[in-house]
Amino acid sequence: TTVIKAIEACEPAIQAAALIPAAAARTDGKQPTGNATTVPGFFAGWKKGSLIAQRYQILDLVAEVRMVPIYTALDSTGGGLCALKLMTPWNVPTADFINELSEYYQRMQRFQHPHVVHTLELGQAEDGVLFLVTEYVLGMNLRQTIAQQAALGVPRSCRIVWEIASALEAGQQLGMMHGEIKPEHIL
């Protein structure tokens with residue numbers, strides 16, 4: 001099976017960060033490396049209406065993927081509705097993690113495909129949290145669609161599979177892979 005290597009090269013670091021509270025990650029007393037210097041000991045999430053990075057107004061929490069919150073936001077510079085995926089809500093990002101995330105962002109900028117959500121920006125909030133800005137796709141995911149409609153029919157199912165395979169193939173040609181293809185990730 002063809003798979004996209006579009007999953008973050010930093011996925012293990014993200015998963016580790018999601019499991020370690022900020023206070024536990026800094027018990028050695030040393031100053032962490034990286035550009036960010038502050039992250040709340042307990043990240044309670046961004047509140048509706050908050051302005052992030054002097055640009056993105058938080059509208060709502062729409063999902064959590066592997067304990068990482070994803071918000072809808074309005075881009076005040078005229079970019080419209082977008083999604084913000086937090087990358088480091090619990091720990092101060094290290095220089096290595098920031099570099100890996102930057103490389104991932106640059107790869108995703110090159111990966112333009114009609115069946116892949118476009119990554120628009122890598123940002124850092126005032127509280128030190130790193131986030132990715134992507135286009136926001138309104139609608140149900142494949143799991144919700146199947147639950148609501150039961151049978152999708154052969155023509156529609158074939159079209160969905162073809163679109164997924166097309167995106168996976170395009171990613172593979174760029175040396176990218178998606179590490180978690182499942183109905184919840186298909187919009």
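In this chain, numbering begins with 1 at the start of the sequence shown. Remember, predicted model here, so these are calculated numbers, not experimental data.
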Gap between atom [atom2] of [Y] and atom [atom1] of [X] - 0.5 Å precision:
X: R55; Y: T77; atom1: CZ; atom2: OG1; answer: 3.5 Å
X: I160; Y: I186; atom1: CD1; atom2: CD1; answer: 9.0 Å
X: W46; Y: L59; atom1: CH2; atom2: CG; answer: 12.5 Å

Problem set entry | Contacts of S50 that satisfy side-chain contact (heavy atoms from CB on, under 4.5 Å) - sequence neighbours left out |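 Partners of S50 under the side-chain contact (heavy atoms from CB on, under 4.5 Å) test: K47, I52, I58.
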Restricting to non-hydrogen atoms, name the atom on [X] and the atom on [Y] that form the minimum distance, rounded to 0.1 Å.
X: L61; Y: I70; result: CD1-O, 3.4 Å
X: A170; Y: H113; result: CB-CD2, 3.5 Å
X: R156; Y: L152; result: CB-O, 3.3 Å
X: M87; Y: F97; result: O-CZ, 4.0 Å
X: F111; Y: A167; result: CZ-O, 3.6 Å
X: M108; Y: T119; result: CB-OG1, 3.6 Å

For this session: Flag the pair Y56 / F131 as yes when at least one side-chain heavy-atom distance between them is below 4.5 Å, and no otherwise.
Result: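 Y56 reaches F131 side chain to side chain.
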Identify every side-chain donor-acceptor pair in residues 132-143 under 3.5 Å, counting partners at least two apart or on other chains, and give the distances.
residue, atom, partner, partner atom, Å
E135, OE2, H118, N, 2.9
E135, OE2, H118, ND1, 3.3
N141, OD1, R143, N, 3.0
N141, OD1, Q144, N, 2.8
R143, NE, E184, OE2, 2.6
R143, NH2, E184, OE2, 3.3

For this session: Please test K48 against D60 for salt bridge (charged side-chain N to carboxylate O under 4.0 Å, His left out), starting from the C-alpha separation and ending with a verdict.
Result: CA-CA 6 Å; K48 187 174 181 177; D60 202 5; 6.0 Å; no
For this session: Could you check I181 against L168 for side chain to side chain contact (heavy atoms under 4.5 Å, CB included), going step by step and ending with a plain yes or no?
Result: CA-CA 10 Å; I181 299 295; L168 293 172; 3.9 Å; yes
